[in-house]
K.L.:
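Sharing a structure with you now.
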2 protein chains.
Amino acid sequence: MGVTIYDVAKIAGVGLGTVSRVLNNSDHISPETRKKVLDAIEKLNYKPHAFARGLAKQKTNILSIIVPFFTGYFYIELLKGIQKPITKFEYDLVLYNVEKNNRLNSVLDKVLNGKLVDGVILISMSLSDEYAIEFNRQNLPIVLVDSYHPGVDSFFIENKKGAYIATKHLIDLGHKRVGMIDAQLKSTPAKIRLEGYKAALKDRGITFDSKYLVISDSDEKSDGFSREAGYSAMKRLLMLGEDRPTAVFISSDIQAVGAMKAIREEKLTIPDDIAIIGFDDIEFSEAIGLSTMRQPMFEMGEMAVDILLKRISGQISSLFHKKYIPELIIRETC
Amino acid sequence: MGVTIYDVAKIAGVGLGTVSRVLNNSDHISPETRKKVLDAIEKLNYKPHAFARGLAKQKTNILSIIVPFFTGYFYIELLKGIQKPITKFEYDLVLYNVEKNNRLNSVLDKVLNGKLVDGVILISMSLSDEYAIEFNRQNLPIVLVDSYHPGVDSFFIENKKGAYIATKHLIDLGHKRVGMIDAQLKSTPAKIRLEGYKAALKDRGITFDSKYLVISDSDEKSDGFSREAGYSAMKRLLMLGEDRPTAVFISSDIQAVGAMKAIREEKLTIPDDIAIIGFDDIEFSEAIGLSTMRQPMFEMGEMAVDILLKRISGQISSLFHKKYIPELIIRETC
DNA sequence: TATATATCTGGAAGGGCTTCCAATAAAATA
DNA sequence: TATTTTATTGGAAGCCCTTCCAGATATATA
C-alpha cells in the first residue's frame with residue numbers, strides 16, 4: 001500500500017540515503033541525481049511518512065495549543081493569528097481544549113512526555129512553577145499568551161492598565177457612580193482588571209463601594225465570562241434602583257452583551273441611563289456599537305508562534321516577555 | 001533524557017515485550033508481573049513515545065479536522081461538539097484551516113499520504129469524486145459535516161427545507177414582497193438555500209422577482225457569509241425605496257447582523273418595516289432577538305466523531321448519511 | 001509418572017525514516 | 001603521472017515501539 005523511500009530509491013536507481021538527502025535538501029547532491037530522485041518521487045506520488053520521519057529526526061513538526069473552553073471570538077481571533085505562520089512553516093497544530101482546570105495538568109503531562117509536539121502555546125491559563133521548571137528541564141519550548149510566568153516566554157495584556165483606562169474614561173465623562181461587573185476572581189485577568197478599576201477610582205478621588213461591584217456567576221465552563229452571567233450581574237446592579245451606577249465597566253464584551261439586554265429589559269437606555277465599556281473587542285462589539293478595550297488578539301497569536309518557532313530552532317536564547325496595552329475603542333455605549 | 005521501554009523493562013526486571021503488553025492491556029500477564037511493571041512505570045514517570053508507537057502500530061490516534069476560515073460561531077459550536085468525544089477516547093485533534101479553496105487539495109494530499117492521522121472530518125466543503133475515491137482506496141476514513149458526498153459518511157443540513165420553512169413563515173405572516181440575501185452561489189449551502197426560497201415562493205403563488213434577491217459580496221475569506229457583506233447587501237435592497245421587500249430571508253445570522261445595522265441606519269424598524277429571518281442560530285442571535293433557523297451544530301460535531309471512530313475501528317461497514325432539518329426559532333425580528 | 005495443554009514471558013524482527021561513516025569517483029595539485 | 005583533496009554516494013545503525021514466534025513454566029489429564 002504505502003510507497004516508501006525504498007521504492008523511490010529503487011526506481012531512481014540510487015541508495016536510500018540519497019533519497020533522504022534530496023528530501024531534506026541536504027547539499028552535496030549532483031543535479032542529475034537530484035532530478036532522478038525527484039522524478040521517481042513524482043512518478044510514485046511519494047509522501048514521507050510523518051511518524052517515521054518524526055521518530056528518526058526526534059522532531060515532529062507539530063505544535064500544540066491549549067485553550068480554555070472555546071468561548072467566543074477571543075480565541076478564534078487568536079487561532080487565526082496562530083494559524084497563519086504555522087501553515088507557512090509547514091507545522092501542524094494540535095488543539096487541546098481544557099474545560100476544567102484540573103484537566104490542564106493532564107494535558108500538560110501528555111504534552112511533556114508524549115513527544116508528540118515540538119512546542120506548546122498555552123492560552124489564558126497560568127502555568128505553575130513546577131510545570132515551568134519541567135518544561136525547561138525537558139527543553140520543550142512553551143509560550144504563554146494572555147498569561148505570564150517569569151520563567152517562560154509570555155505575551156500578555158496589561159489588564160490593569162486597560163481596566164484603568166476604561167474606568168477613568170467613564171469617570172472623566174462625568175459619571176460619579178461607576179460600577180464594575182467582573183468575572184470570578186480566580187481568573188487572573190478578572191482579578192487584575194479589578195485592580196485597575198480600583199486604581200482609577202482612587203486616582204479620581206472616588207472611594208470604592210462594594211455594592212457597585214458585582215462578580216458574575218460562573219457556570220461549569222466559563223468562570224463568569226458569559227452572556228448569561230453578564231445578564232444576571234447587571235440585573236443585580238439594577239436592583240439598586242435610583243442608586244444604581246450610571247456607568248459600568250464590564251470585564252468582557254460577552255458579558256456586556258448580556259448586560260445590555262438586562263438594561264433594555266428595564267426600559268433604560270444606553271448610554272443615557274447607563275454607560276458601558278466592555279473588554280476584548282470581539283467581532284460583535286462593532287455591530288452593536290459597544291465601546292470596549294481592544295486586545296490585539298490576532299497579532300499576539302502570530303507573534304507567539306513566531307517566537308515559539310525561533311525558540312525551537314534555537315534562534316533566540318533570552319527570555320521574551322511582551323506586554324500589550326489595550327486600546328480604548330469608543331462607540332455608542334459611552 | 002527520555003526514558004524508554006527498555007529502562008522500564010530493566011527496572012522491573014522483565015523483558016520489553018512484557019512491558020509493552022501491560023502498556024497495551026494485553027492478556028496473559030500475571031498479576032505480579034503487571035504490578036512490577038506498573039511500579040517501574042510509575043517510578044520512572046514513563047510515558048510512551050507517541051511517534052514510536054504510531055510507527056509500530058500503524059495507527060496514530062490523531063484525527064484531523066479541516067475547516068474553512070474560522071468564520072464565526074458555526075465552527076466554534078462544531079468544534080465544541082467534536083472535542084467532547086475526542087477527548088474521551090484519547091485521540092488528538094489536528095486542525096487545518098483552509099482559507100482559500102485551492103489549498104484544500106494540498107491539505108487533503110497531506111492528510112492522505114502523510115500517515116499522520118487515522119481519520120478526517122471535513123467541514124462545509126465539498127469533496128471531489130477523485131478524492132472520495134482516493135480516501136476509500138487508501139482506506140482512510142473521512143466524514144463530511146455540513147456537506148455531502150454519496151460515497152462517504154455525511155452529516156448535513158437540509159438547507160433547502162430550512163430555507164423553505166423560513167420563507168414560507170414570512171409569507172404566511174402576510175408579507176407579499178419577500179426578499180432574500182444570499183451568499184455567493186459557489187458555496188453549496190448558499191445555492192441550495194436559494195432553491196428553498198424559490199420553492200416556497202412558488203408554492204405560495206408568488207413569482208420570483210430577481211430584484212429582491214441580493215447576493216452578498218465575497219471578500220478574500222468568506223464567500224459572502226460576513227457581517228459587512230450582509231450590511232451592504234441590505235443597503236442595496238433598501239435602495240428600492242418604497243418598493244423594497246417587507247420581509248427578508250437571509251442566508252446566515254452573521255449577515256443578518258450586518259443587515260439589521262443597515263436597516264437601523266435608515267431609521268426603519270424591525271420587524272414592522274422589514275421582518276427578518278436568518279440561518280444558523282449563532283450565539284449572538286438570541287442576544288439580539290434574531291429569528292433564525294437553528295442548526296444542531298454541537299450535535300453534528302459529536303455524531304461525526306462518533307461515526308468516524310466507529311469507522312476507524314471497523315465497527316460499522318455501511319455508509320452513514322444523516323440529514324438534519326433546521327428548526328425555526330421565532331424571536332423578535334419577524 | 002509421562003504427556004498434553006494452557007499460561008506466561010523474552011526478545012528478534014520490523015515499521016519508515018535520518019544520519020553518520022566509509023567508499024568511490026572526480027578534480028586539483030605537485 | 002602520482003598524490004591530495006573534494007564532491008558524491010551507499011547503506012548500516014538507530015529512533016522507540018509492537019507483534020509474533022518460540023521457549024519456559026505451571027497445570028491438567030491419561
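Lettering of chains follows the sequences in order, A, B, ..., and the numbering in each one begins at 1.
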K.L.:
Name every donor-acceptor pair, under 3.5 Å, that has one atom in a side chain of residues 142-152 of chain A and the other anywhere in the protein, sequence neighbours excluded.
P.N.:
{"unit_1": "A:Asp146", "atom_1": "OD2", "unit_2": "A:Ser124", "atom_2": "OG", "d": "2.6"}
{"unit_1": "A:Ser147", "atom_1": "OG", "unit_2": "A:Met125", "atom_2": "O", "d": "2.9"}
{"unit_1": "A:His149", "atom_1": "ND1", "unit_2": "A:Gly151", "atom_2": "N", "d": "2.8"}
{"unit_1": "A:His149", "atom_1": "NE2", "unit_2": "A:Asp129", "atom_2": "OD1", "d": "2.8"}

K.L.:
Which pairs pass salt bridge (Lys or Arg N to Asp or Glu O under 4.0 Å) with one or both residues in residues 11-22 of chain B, sequence neighbours excluded?
P.N.:
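As it turns out, there is no salt bridge (Lys or Arg N to Asp or Glu O under 4.0 Å) pair with a partner in residues 11-22 of chain B once direct neighbours are skipped.
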K.L.:
Decide, yes or no, whether a salt bridge links A:Lys47 with B:Asp109 under the criterion of side-chain N to carboxylate O below 4.0 Å.
P.N.:
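No, this pair does not count.
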K.L.:
Starting at NZ of A:Lys59 and ending at P of C:dT18, how long is that distance when rounded to a whole Å?
P.N.:
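Interatomic distance, NZ of A:Lys59 to P of C:dT18: 12 Å.
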K.L.:
Ignoring backbone atoms, establish whether B:Ser30 has a side-chain N or O less than 4.0 Å from OP1 or OP2 of C:dC8.
P.N.:
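False: B:Ser30 side-chain N/O out of range (4.0 Å or more) of C:dC8 OP1/OP2.
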K.L.:
Quick one: what's the B/S/- string for nucleotides 16-25 of chain D, heavy-atom cutoff under 4.0 Å, read 5' to 3'?
P.N.:
BBBBB-----
K.L.:
Taking CG from A:Asp7 and P from C:dC17, how many angstroms apart are they, rounded to a whole number?
P.N.:
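My rounded result for the distance is 9 Å.
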K.L.:
Starting from P on C:dC17, measure out to CG on B:Asn113 and report it in whole angstrom.
P.N.:
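It works out to 11 Å between those atoms.
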K.L.:
Using atom names, set out every protein N or O paired with an N or O of nucleotides 4-6 of chain D below 3.5 Å, distance rounded to 0.1 Å.
P.N.:
none

K.L.:
May I ask you to decide whether B:Lys43 forms a salt bridge with B:Asp39, counting only side-chain N to carboxylate O separations under 4.0 Å?
P.N.:
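No salt bridge links B:Lys43 with B:Asp39.
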K.L.:
Distance to the ring centre below 6.0 angstrom and angle to the axis at most 45 degrees; does that hold for A:Lys322 and A:Phe320?
P.N.:
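So A:Lys322 doesn't make the cation-pi contact.
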K.L.:
Whole-Å distance between C:dA26 P and A:Ile29 CD1?
P.N.:
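Taking CD1 of A:Ile29 and P of C:dA26, I get 16 Å after rounding.
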K.L.:
In chain order, what residues pass the side chain to side chain donor-acceptor pair (under 3.5 Å) check against A:Gln315, with sequence neighbours excluded?
P.N.:
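With neighbours one apart ignored, the set is A:Ser313.
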K.L.:
Toward the 5' end of DNA chain C, which comes first, B:Phe51 or B:Gly15, by nearest nucleotide?
P.N.:
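The residue mapped nearer the 5' terminus is B:Gly15.
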K.L.:
Could I get the full list of side chain to side chain donor-acceptor pair (under 3.5 Å) partners for A:Lys59, not counting sequence neighbours?
P.N.:
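Result, side chain to side chain donor-acceptor pair (under 3.5 Å) vs A:Lys59: A:Asn61, A:Tyr91.
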K.L.:
With a 4.5 Å cut-off on side-chain heavy atoms, are A:Ile82 and A:Ile65 touching?
P.N.:
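Yes, close enough: below the 4.5 Å cut-off.
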K.L.:
Mind calculating the distance between NZ (A:Lys36) and P (D:dT8) to the nearest angstrom?
P.N.:
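Computing the A:Lys36:NZ to D:dT8:P distance gives 14 Å.
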